[in-house]
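For reference, positions follow the sequence shown, starting with 1.
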Amino acid sequence: MKKLLPVIFLLVGLGAGIGAGVMLSPSESKEAAKQEKSEPKAEKPKEKSAKAKDGKAGKKDKPSDYEYLKLTKQFVVPVVDSERIEALVTMSLSLEITPGMTEAFYAVEPKLRDGFLQVMFDHANTGGFDGAFTESDNLKVLRKALLETARRDLGDDVSQVLIMSVSRQDV
């Protein structure tokens, strides 16, 4: 009897799980109602895009006007104080570019990374990563310098440099 008890519990648990799955699964009528509700919502963005074509929307606010390219590796920048590494700052960046620039981006990515690192080193050496380094004014200065570097290598096809993450680890 003791050997049959685990098997009985297994069968009862399996039956209860199947029963609960059948009882809690959405019925076909609920799925059909969800699909009907989602169809009118899908039509609304089309109406807005028609308004955008009429000139009522501002320029370049359609999502297809830009591509976003994430630089594959994080940047690690040492913060040096009194000839000693005080902290390490890691950053992840992406570029907002016009469509079709992917090949040109990958062709100059090493040069672009080198330029970005130099900008970040300069920013660290001027105290940009000290104190409240995530203040919008500090990051605005950094973004502007990074954008100038990106435009020097890729041209005006780069519209923004996006800081995806930034963190500082004191050593």
Exercise. Are Leu146 and Met120 close enough, and set up right, to give a side-chain contact (heavy atoms from CB on, under 4.5 Å), and what steps lead you there?
Worked result: CA-CA 8 Å; Leu146 292 170; Met120 288 181 215; 4.2 Å; yes
Problem set entry | Nearest non-hydrogen partners of Glu67 and Thr102, listed with the distance | OE1-OG1, 3.0 Å
Problem set entry | Working for side-chain contact (heavy atoms from CB on, under 4.5 Å), residues Thr149 and Val161 | CA-CA 10 Å; Thr149 301; Val161 175; over 6 Å; no
Seminar exercise, completed: Shortest non-hydrogen pair, Val77 vs Ala124, comes out as CG1-CB, 3.8 Å
Exercise. So if you build clusters from Ile, Leu, Val, Met, Phe, Trp, Tyr with side-chain heavy-atom gaps below 4.5 Å, do Leu117 and Val158 land together?
Worked result: yes
For this session: Taking all non-hydrogen atoms of both residues into account, name the closest pair between Ala145 and Val119 and its distance.
Result: CB-CG1, 3.5 Å
For this session: Could you state whether Val171 and Val76 fall into the same hydrophobic cluster, counting links through intermediate Ile, Leu, Val, Met, Phe, Trp or Tyr residues with side-chain heavy atoms under 4.5 angstrom apart?
Result: yes
Exercise. Do Glu109 and Thr72 pass the side-chain contact (heavy atoms from CB on, under 4.5 Å) test, and can you show the C-alpha distance, the side-chain angles, and the key distance before you say yes or no?
Worked result: CA-CA 10 Å; Glu109 184 180 13; Thr72 54; 3.7 Å; yes
Exercise. Going through the checks in order, is the side-chain contact (heavy atoms from CB on, under 4.5 Å) test met by Leu154 and Leu95?
Worked result: CA-CA 11 Å; Leu154 288 172; Leu95 298 178; 4.1 Å; yes
Problem set entry | Rounded distance (nearest 0.5 Å) linking atom CG of Asn138 with atom OG1 of Thr126 | 8.5 Å
Exercise. Which residue pairs pass the side-chain hydrogen bond (donor to acceptor under 3.5 Å, both in side chains) test with at least one member in residues 157-171, sequence neighbours excluded?
Worked result: Glu86-Arg168, Thr90-Ser167, Ser92-Ser165, Glu96-Ser159, Thr98-Asp157, Arg168-Asp170
For this session: Return each pair, listed once, that meets ring-ring contact (aromatic ring centres under 6.0 Å, His included) where at least one residue sits in residues 74-128; pairs must be two or more places apart or across chains.
Result: His123-Phe129
Exercise. Roughly how far, to the nearest 0.5 Å, is CG of Asp81 from CG of Asn125?
Worked result: 11.0 Å
Exercise. Do Leu139 and Val79 belong to the same hydrophobic cluster, where Ile, Leu, Val, Met, Phe, Trp and Tyr are linked whenever their side-chain heavy atoms lie under 4.5 Å apart, directly or via other members?
Worked result: yes
Problem set entry | Rounded distance [0.5 Å steps], CG in Leu147 versus CG in Leu162 | 10.0 Å
Exercise. Linking I/L/V/M/F/W/Y whenever their side-chain heavy atoms sit closer than 4.5 Å, directly or via other members, would Ile163 and Leu88 fall into one cluster?
Worked result: no
Exercise. Is it the case that Asp114 and Gln118 place a side-chain donor and acceptor less than 3.5 Å from each other?
Worked result: no
For this session: Grab the two heavy atoms, one from Met91 and one from Val166, that are nearest each other, plus how far apart they are.
Result: CG-CG2, 3.7 Å
For this session: Would you indicate whether Ile85, at its atom CD1, is surrounded by more than 12 heavy atoms from other residues, nucleotides or ligands within a distance under 6.0 Å?
Result: no
